[in-house]
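Reckoned from all heavy atoms, side chains included, excluding hydrogens, waters and symmetry mates. Protein chains get the first letters and strands the later ones, always in sequence-line order, with residue 1 at the start of each.
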2 protein chains.
Amino acid sequence: MKSTIPDTGVPITPPTGNGGDRQENRHEASLHGETLLRLRDYVVEGNIPEGGRVPERQLCEMLGISRTPLREALKVLAAEGLIELLPNRGARVRQLSQRDLEELFDVMAGLESLAGRLACEAITDAEITAIEQLHYEMYGHYLHRDMHGYFQTNQRIHESIVAAARNETLKSAYANFAGRIRRVRYSANFARKRQRWAEAMREHEAILDALRRRAASELSDILFQHLRNKRTAAIEHLTEPREDAPASP
Amino acid sequence: MKSTIPDTGVPITPPTGNGGDRQENRHEASLHGETLLRLRDYVVEGNIPEGGRVPERQLCEMLGISRTPLREALKVLAAEGLIELLPNRGARVRQLSQRDLEELFDVMAGLESLAGRLACEAITDAEITAIEQLHYEMYGHYLHRDMHGYFQTNQRIHESIVAAARNETLKSAYANFAGRIRRVRYSANFARKRQRWAEAMREHEAILDALRRRAASELSDILFQHLRNKRTAAIEHLTEPREDAPASP
DNA sequence: GCCGGCTATTTTGCATTCATTTTTTGTCCA
DNA sequence: TGGACAAAAAATGAATGCAAAATAGCCGGC
């Protein structure tokens with residue numbers, strides 16, 4: 001046997017509860033909408049290995065639906081870039097090349113950069129205060145070397161900036177791209193490198209500072225560079241993934 | 001009769017030849033892929049009035065296919081934001097509110113701003129020369145008051161910048177958003193206002209200048225502002241669409 | 001004459017079915 | 001033993017069928 005593409009089977013686990021509707025509006029009503037949400041989460045959470053095939057029949061019985069709504073959802077996921085559809089050969093979880101990742105990170109950087117710019121026009125003092133809170137919280141995590149907490153808070157900060165941009169279209173696009181790299185973000189805690197971590201903290205200080213001053217262009221630059229650095233760290237991590245094994249607690 | 005939503009019928013015209021595959025890779029193989037491309041063009045070209053319903057059966061016979069692939073294509077178009085799916089009530093061409101347009105323009109601005117930034121890293125002298133050519137060509141159109149030529153060349157310039165960014169993901173997202181506002185861009189030749197037109201030309205000079213110097217941040221700012229001004233012009237035009245009637249040839 | 005409720009028709013959503021294509025399995029022969 | 005061919009099995013792509021919902025049409029009441 002064996003074709004060139006590894007034909008990983010799907011371990012048929014019970015469906016994960018629909019986490020939350022990040023992106024779609026109110027598709028819960030229709031079956032295909034529900035299916036879309038669940039399938040998206042299912043894929044984003046990494047339940048199917050990279051490049052693995054997405055077997056229609058198994059998913060159908062797993063979700064208890066027929067193939068029609070499932071296939072509709074697959075088409076949408078393909079359009080979103082999460083999976084790819086090989087003609088007559090079914091769907092596969094999209095394999096992201098290094099180049100793909102670089103591109104995705106850059107687009108994310110561009111979107112956050114835009115978010116920062118727009119946020120400067122609209123953000124309220126209260127929102128800034130909230131972000132400051134998050135910042136200090138994150139600093140605490142940093143001091144305690146609490147990676148998980150750090151990442152979580154970090155993400156909330158970035159989401160707050162996007163929210164402050166007051167642009168639902170942007171928010172939705174941001175969520176889409178974030179979903180595509182989420183698998184990587186989770187599997188690779190690339191920022192374990194101490195130096196990069198400290199650097200990121202400094203960048204966050206600068207972000208906050210620019211935000212307080214509503215310095216749009218400046219914030220835009222800082223955010224872009226910040227994400228660019230994340231990108232570099234992530235790529236490096238994927239290329240030579242070691243350094244975190246002999247870490248202190 | 002009459003519900004709140006205007007129930008515009010679709011004038012059943014022969015299908016337009018598939019212009020070109022902007023966004024999708026090679027979906028020509030499958031029927032639903034073909035359908036997707038054709039339907040997208042059909043909608044983007046404005047064959048269905050704003051907010052008009054997209055009747056499955058008519059489109060089926062128009063395209064000569066069954067409902068299954070058509071419905072798959074509709075789901076994708078809905079995910080792209082071109083149409084919206086009302087539960088149990090079919091698809092409608094998405095009506096863009098003024099706010100939607102503002103948001104879309106801003107996102108486009110962000111993407112172009114990003115494109116400029118990235119282009120500075122990768123663009124070749126030859127590409128810059130090509131853009132300069134386009135710029136002079138556009139200037140010619142400007143002097144001759146040739147709006148159509150001007151817009152066409154203008155669009156090619158912006159596309160060249162996006163292409164120079166060497167980021168297919170960005171290019172694809174750009175195409176997606178461009179498609180959403182294309183209907184408006186075509187129906188409203190908002191830049192007829194002389195003053196804005198001259199301003200735009202100056203901005204383009206600045207863009208070219210920054211590009212030559214590979215001044216990433218600066219170009220990013222200029223591009224954002226340029227698109228922002230376009231946005232303002234467009235919104236103004238939509239609000240009070242007059243001024244172009246008593247124009248000299 | 002206009003409004004509200006009732007029925008008929010259309011339309012949508014999903015399941016099922018059918019036709020191809022691909023993939024796997026089995027067998028034969030070198 | 002191993003590879004090539006062939007048949008079987010499975011999976012995909014698309015069409016059709018069927019139940020539920022919505023819309024339109026109609027009639028009666030006010």
(request) In whole angstrom, give the distance that lies between atom CG of Leu86(B) and atom C1' of dT11(C). (result) 13 Å
(request) Send over the distance from Arg89(A) CZ to dT23(C) C1', rounded to a whole Å. (result) 9 Å
(request) Please state how far atom NE2 in His32(B) lies from atom C1' in dT12(D), giving the value in whole angstrom units. (result) 12 Å
(message) Using whole Å, what does the distance between atom P of nucleotide dG13(D) and atom CG of Asn88(A) come to?
(response) 6 Å
(message) Any carboxylate oxygen within less than 4.0 angstrom of a Lys/Arg side-chain nitrogen, looking at Glu159(B) and Arg156(B)?
(response) no
(request) Kindly write out the residues that satisfy salt bridge (charged side-chain N to carboxylate O under 4.0 Å, His left out) with Arg228(A), not counting sequence neighbours, or none if the list is empty. (result) Asp106(A), Glu121(B)
(request) Drop me the distance from Ile181(A)'s CD1 to Lys230(A)'s NZ, to the nearest 0.5 angstrom. (result) 8.5 Å
(request) Find out whether Glu80(B) and Arg40(B) are in side-chain contact, i.e. whether some heavy atom of one side chain is under 4.5 Å from a heavy atom of the other. (result) yes
(message) I want to check something: taking the side chain as every heavy atom from C-beta on, are Ile65(B) and Glu34(B) in contact at a cut-off of under 4.5 Å?
(response) no
(request) Round to a whole Å and report the spacing from CG of Leu63(A) to C1' of dA15(C). (result) 15 Å
(message) Strictly below 4.0 Å: does Arg71(B) bring a side-chain N or O up to OP1 or OP2 of dG13(C)?
(response) yes
(request) With sequence neighbours excluded, tell me which residues meet salt bridge (charged side-chain N to carboxylate O under 4.0 Å, His left out) with Arg67(A). (result) Glu56(A)
(request) Under the salt bridge (charged side-chain N to carboxylate O under 4.0 Å, His left out) rule, collect the residues that match up with Glu72(A), sequence neighbours excluded. (result) Arg71(B), Lys75(B)
Any protein N or O atoms within reach of nucleotides 15-19 of chain D? Criterion: under 3.5 Å, listing atom names and distances.
unit_1	atom_1	unit_2	atom_2	d
dA15(D)	OP2	Ser66(B)	N	3.0
dA15(D)	OP2	Ser66(B)	OG	2.4
dA15(D)	O5'	Ser66(B)	OG	3.3
dA15(D)	N7	Thr68(B)	OG1	2.8
dT16(D)	O4	Thr68(B)	OG1	3.4

(request) Spell out protein contact along nucleotides 5-11 of chain D as letters: B when the base is contacted, S when just the sugar-phosphate is, - when no protein heavy atom is under 4.0 Å; keep the 5' to 3' order. (result) ------S
(request) For Glu72(A) and dT16(C), give me the distance from atom CD to atom P, rounded to whole Å. (result) 15 Å
(request) Taking Asn176(A) for its side chain and Ala173(A) for its backbone only, find out whether a donor-acceptor pair lies under 3.5 Å. (result) no
(message) Between P on dT11(C) and CG on Leu74(B), what's the gap in Å once rounded to a whole number?
(response) 15 Å
(message) Rounded to whole Å, please give me the gap between CD in Glu61(A) and P in dT16(C).
(response) 13 Å
(request) Using side-chain hydrogen bond (donor to acceptor under 3.5 Å, both in side chains) as the criterion, list what pairs up with Thr68(A), not counting sequence neighbours. (result) none
